[in-house]
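Atoms within a ligand are numbered from 1 in the order they appear, just like the ligands themselves. All residue numbers refer to positions in the sequence shown, counting from 1.
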Amino acid sequence: MEPLYRLESVGKRYGEKEVLAIPALEIREGSFHFLTGPNGSGKTTLLSILAFLLRPTSGALFYAGMRVEWEGKTLVALRRQVTLLHQSPYLFDGTVFHNVAYGLKVRGIDGAAGKERIDKALKMVGLEGFGDRRARALSGGEMQRVALARALVLAPRALLLDEPLANVDRESAEVIRGVIVGLPARGTTVIMATHDPGRAGGQGDERIRLEAGRICRVTSGCVEGERR
Ligand code: ADP
Ligand code: MG
């Protein structure tokens, strides 16, 4: 079967500096990948490319069997299939409900159909009944859960997460982990950059380790024993 993502000699440079150089990488649809590596190793750069937000300077990215052309309407359509959750997500000054509703509205989904999806997403992240709360008055962990709900409500084909647990309390981290490890069973591809893959994964999770923009290891089905 065609992988969801296939990278061929993908490179990214800033001026003279090469920050990413990946000869080949495939991401199966419905898989769960941890993306690890020290600060500055290229994790955010790779996620931004996979979210179609950053164009590589060389090489080819294939998504669902099609080569990404990095322009025009096809790019807009691709960006709607994949959601990137940032480490410190931006929430609007408004209610939790409005924040989660935003992406749906852009896609023309509102009213009762929208509300049902929003309520379901808030329930998934343990924020049932938080709809009328002011998003920016929440704790860091709760805000990250709102951002996760905002991503989930869009039912993305791939959910990319950039160190989502870095700034959250333990309870929120547990909730967030619990939700995302369940997504591949529903067909969603998950790629999560993290410093601590530890016990976060489930059976069959895979790991990509970057060092200085290069993949130094891809392992499959391994949970214990990563060397740092
Ligand atoms: P990580 O997420 O693993 O910490 P990044 O992908 O953010 O790594 O960064 C990889 C490298 O690219 C770093 O050396 C960083 O300084 C560099 N870099 C990232 N963005 C830019 C930019 N806009 N301009 C110049 N260098 C950048
Ligand atoms: Mg980063």
Side-chain angles (χ1 to χ4, degrees), residues 4-27 31-63 68 70-71 75 78-79 82-91 140-141 143-148 150-151 156 158-170 172-173 176-177 179-181 183 188-201 205-220 222-223 226-228:
L4 185 61
Y5 288 104
R6 187 157 60 82
L7 283 71
E8 274 181 18
S9 307
V10 166
K12 177 69 192 171
R13 306 182 76 90
Y14 288 106
E16 290 294 289
K17 194 176 170 203
E18 184 179 61
V19 299
L20 203 66
I22 299 182
L25 178 67
E26 293 191 350
I27 307 277
S31 62
F32 188 109
H33 280 75
F34 286 115
L35 181 58
T36 67
N39 275 336
S41 59
K43 300 182 297 296
T44 297
T45 302
L46 176 56
L47 289 178
S48 305
I49 290 171
L50 297 177
F52 313 114
L53 299 172
L54 184 69
R55 183 180 186 156
T57 28
S58 56
L61 173 64
F62 295 83
Y63 175 82
V68 177
W70 302 99
E71 59 193 14
L75 195 53
L78 287 175
R79 284 180 182 156
V82 172
T83 302
L84 174 60
L85 184 63
H86 294 276
Q87 183 175 329
S88 306
Y90 177 84
L91 297 181
M143 285 200 251
Q144 187 61 285
R145 281 148 75 182
V146 171
L148 178 58
R150 183 171 63 185
L159 178 62
L160 314 176
L161 305 108
D162 197 355
E163 307 198 34
L165 308 179
N167 300 322
V168 307
D169 57 276
R170 250 184 58 197
S172 290
I176 291 167
R177 272 199 198 110
V179 172
I180 61 183
V181 299
L183 294 175
T188 309
T189 305
V190 178
I191 307 172
M192 173 166 146
T194 178
H195 277 297
D196 176 27
R199 301 151 303 283
D205 58 336
E206 301 181 56
R207 292 185 184 191
I208 303 166
R209 183 166 172 86
L210 285 174
E211 277 176 23
R214 286 176 161 70
I215 291 183
C216 67
R217 189 170 18 164
V218 182
T219 53
S220 178
C222 127
V223 180
E226 172 158 34
R227 268 189 319 166
R228 303 274 176 128

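For ligand 1, the atoms sitting less than 4.0 Å from at least one non-hydrogen atom of Asn39 are 4 (O), numbered in the order shown with element in parentheses. Residue contact check: Lys43 has heavy atoms under 4.0 Å from atoms 1 (P), 2 (O), 3 (O), 4 (O), 6 (O), 8 (O) of ligand 1. In the vicinity of Pro38, heavy-atom distances shorter than 4.0 Å reach the ligand 1 atoms 3 (O).
Ligand 1 has no atom lying under 4.0 Å from any heavy atom of Ala193. Every heavy atom of Glu163 sits 4.0 Å or more from the atoms of ligand 1. For the pair Ser41 and ligand 1, a heavy-atom separation below 4.0 Å is found.
Between Phe52 and Tyr5, the ring planes lie tilted relative to each other; the angle falls in the 30° to 60° range.
Taking all atoms of both residues into account, the shortest heavy-atom contact from Leu84 to Ala51 is CB-CB, 4.0 Å. Heavy atoms only, all atoms of each residue included: Asp162 and Ala193 are closest at OD1-CB, 3.7 Å. Counting all heavy atoms, side chain and backbone alike, Gln144 lies closest to Gln87 at NE2-O, 3.0 Å.
In terms of protein heavy-atom proximity, atom 7 (O) of ligand 1 is nearest to Thr44 CB, 3.6 Å. With hydrogens left out, the protein atom closest to atom 6 (O) of ligand 1 is Thr45 OG1, 2.5 Å, a heavy atom. The nearest protein atom to atom 14 (O) of ligand 1, hydrogens excluded, is given as Lys17 NZ, 2.7 Å; this is a heavy-atom distance. When hydrogens are left out, the protein atom nearest atom 18 (N) of ligand 1 is Tyr14 CE1, 3.6 Å; that is the closest non-hydrogen contact. Protein heavy atom in closest approach to atom 10 (C) of ligand 1: Gly40 O, 3.4 Å. Gly42 N, 3.1 Å is the protein heavy atom nearest to atom 8 (O) of ligand 1.
Remark: Glu71 does not engage Arg55 in a salt bridge, criterion side-chain N to carboxylate O under 4.0 Å.
Ile22 has its side chain out of reach of Arg214: every pair of non-hydrogen atoms, C-beta onward, lies at least 4.5 Å apart.
The shortest N/O to N/O separation between Val19 and ligand 1 does not fall below 3.5 Å.
Formation of a donor-acceptor pair under 3.5 Å by the Lys43 side chain with backbone atoms of Pro38 is found in this model.
The Mg ion (ligand 2) has an N, O or S atom of Thr44 closer than 2.8 Å.
In the model, Arg13 has no side-chain atom that pairs as donor or acceptor with a side-chain atom of Thr57 under 3.5 Å.
Leu35 pairs with exactly one of Leu161, Thr44, Leu46 by the side-chain contact (heavy atoms from CB on, under 4.5 Å) rule, that one being Leu46.
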